[in-house]
2 protein chains.
Amino acid sequence: MTTAALTTGRTSQPTRPVKSSFPAIANEAGWRCHGNLWSNLQEVCELLRIPAPAASADEEQLFQHVRFKAGQRVHTIGQDFETLYIVNSGFLKTVLIDEYGNEQVLSFPMKGDLLGIDGIHNQHHASEAVALSDCDIILLPYKTFSALGRSYAELEQAMFSVMSRELVREQLMIGMLSALSAEAKVARFLTSLGERFSQLGYSGKSFNLRMTRHEIGSYLGLTLETVSRTLSAFNELGLISVDQRQIALLDIHALKTLRRLPPARARIKISEKISEKVSEKVSEKVSALVGKNLLPQWNKEVAVV
Amino acid sequence: MTTAALTTGRTSQPTRPVKSSFPAIANEAGWRCHGNLWSNLQEVCELLRIPAPAASADEEQLFQHVRFKAGQRVHTIGQDFETLYIVNSGFLKTVLIDEYGNEQVLSFPMKGDLLGIDGIHNQHHASEAVALSDCDIILLPYKTFSALGRSYAELEQAMFSVMSRELVREQLMIGMLSALSAEAKVARFLTSLGERFSQLGYSGKSFNLRMTRHEIGSYLGLTLETVSRTLSAFNELGLISVDQRQIALLDIHALKTLRRLPPARARIKISEKISEKVSEKVSEKVSALVGKNLLPQWNKEVAVV
DNA sequence: CGTGATGTTGACGTTCTTCAATAAATGTGG
DNA sequence: CCACATTTATTGAAGAACGTCAACATCACG
């Protein structure tokens, strides 16, 4: 299908808001295929969204790029930890494998994300990073990084900040996993994906999912069927449009504030009413329903000493 | 109110551990009650289970202790980040507060745990730490820590390791939250608490819970009723004995490997059978049942490229 | 001793999973 | 390029697991 073709084309190399003024290397796909690419510290910092240390141009340190094909592993559980990884392009998942060999998806890293932090402790990786599309990854050998930290105190500081950021992200994930309904989980998953895409310069309202329903379900603590059903429900309500992995967010506000969908029988009425009116009213309708089943679980908790 | 005032007063302007020629003080509880206690870097590192840097005795740095009464907050959400905290004694919870004021428990720190990491990013705390019992906390002002890191590279390295450890812990938490049944969550919660206690030199088999059923439920993504019922079920099965907050773990192996309990009607038969036999057989019985409902959710996932 | 916080237990309902059947998409080898 | 197998996605029906509501018991604390 056209969709499919478009999708693959896009995942492998989306048109990039390039900062073309770079002298050494421009981030263009064509340049890479014949060999490796290298990035300097400044590029790395930019990618990680941390302030670059004032470059002392003499001791210019370069970092190697490595390409992974979809399905390949960047690192595996138990593997010796030697290097951190920064995603320059492509999409991945990180997973935990439990005692029975089942995957538990922990995150879906993309451009600008840092991989491998979990290996610092124990010198072994606790999780596994798998490429969901072809990826371009920058190697940041931990020894090199440590040495650099000694020269640039800001760098060390920035790395603490990145790790802290990651920790907060996981905390929010924990909160979401234990407190939200299936619908709310899926809704937030979609909006947060959208936000990440738009931060990278892509459309935050229309994008392709790089992962299967199963992987989404694992990430959110749901079954793939529940994910599929929830997406279908959102689609019927006009909150999103979904065709396989092609997603368009139609009512981001409703998705963000949604806590629980009305029961199916009530929903039918709504969509009937919708068909009578202009579709712009959907947002209001749904918003009105949002907040009905508020505080189903922790509502008795009051944050007072 | 008084609490709030106290909290703010204390956290907003903690007395700084100045470089003072204070004599080193032994960690005896009695010595503290009339005033503050101070710890040197070596004690701090010991507490954090990281290698202490070879002490250059001249620039001996001391860190102040602060005591918190049960219910007081060590830091609150949004508060400016100035210092890290190390638990020297006592029990706490860290919580997130959602948009409706509901608490989400993230962890139950105890002796040797590091608090406040989430504040490094953004310079504001993303979570709240509340004392569940009277606590003795060591202040580790971030500025001081950063400065020390410049002198002792190992210290910085160790701090990366601690943060990585924390990250891995949270990853495992995510895995547990999304993959396990209520029974398995409670069982693992108990055994992991036991392990932490025994690492601290207390009994790992018999201890007091410092938190309410509600807090456990929040931590595990369950309601307080489910927690209570599950504990009762374990009690009936002879896996634990529970009386209010006093817990004794009777069959740790079964608790660790348990995935799902047999339905209540089946359970009755078991306990009848048990009463006929010696209670030592409980473990085998339950173990036999464990593994029945294996792989209910992610079992079709195969980790192959 | 009484009051509020905490814990237990039951009955019931809803959400989500499980199982199953089918369809659509993707990849493979001829 | 087409048949084929494989993976992925959709949808339905049935039931289990867990949450909700409620009543009561117990504990902690002033």
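Atoms considered below: every heavy atom in the structure, side chains included; atoms not considered: hydrogens, waters and symmetry mates. To find a chain, count down the sequence lines: A is the first, B the second, and so on, and within it residues start at 1. Bear in mind the structure is a predicted one, so any value in this text is a computation, not a measurement.
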Is it the case that the side chain of Ser218(A) and the backbone of His214(A) share a donor-acceptor pair, with hydrogens and angles ignored and the cut-off at 3.5 Å?
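Checked: no pair found.
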What string of B, S and - do you get for nucleotides 2-11 of chain C, 5' to 3', if B is base contact, S is sugar-phosphate-only contact and - is no contact with any protein heavy atom under 4.0 Å?
----SSBBBB
Using atom [atom1] of [X] as one end and atom [atom2] of [N] as the other, report the distance to the nearest whole Å.
{"X": "Leu180(B)", "N": "dC18(D)", "atom1": "CG", "atom2": "C1'", "result": "15 Å"}
{"X": "Leu209(A)", "N": "dA25(C)", "atom1": "CG", "atom2": "P", "result": "16 Å"}
{"X": "Leu177(B)", "N": "dA17(D)", "atom1": "CG", "atom2": "C1'", "result": "16 Å"}
{"X": "Glu183(B)", "N": "dA17(D)", "atom1": "CD", "atom2": "C1'", "result": "8 Å"}
{"X": "Leu222(A)", "N": "dA9(D)", "atom1": "CG", "atom2": "C1'", "result": "16 Å"}
{"X": "Arg259(A)", "N": "dG19(D)", "atom1": "CZ", "atom2": "P", "result": "15 Å"}

According to ring-ring contact (aromatic ring centres under 6.0 Å, His included), who are the partners of Phe207(B), at least two apart in sequence or on a separate chain?
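Applying ring-ring contact (aromatic ring centres under 6.0 Å, His included) to Phe207(B) gives Phe197(B).
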Which atom names give the shortest non-hydrogen contact between Leu106(A) and Arg169(A), and what distance separates them?
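So the two residues come closest at O-NH2, 4.1 Å.
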Closest approach of Met110(B) and Val87(B), non-hydrogen atoms and distance?
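That closest heavy-atom pairing would be O-CB, 3.3 Å.
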Side chain to side chain contact (heavy atoms under 4.5 Å, CB included) partners of Leu172(A), counting only residues at least two apart:
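Checked Leu172(A) against side chain to side chain contact (heavy atoms under 4.5 Å, CB included); matches are Val168(A), Leu96(B).
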Residue of the set Arg73(B), His75(B), Lys93(B) for which side-chain hydrogen bond (donor to acceptor under 3.5 Å, both in side chains) holds with Glu128(B)
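Testing each of Arg73(B), His75(B), Lys93(B) against Glu128(B), the sole residue satisfying side-chain hydrogen bond (donor to acceptor under 3.5 Å, both in side chains) is Arg73(B).
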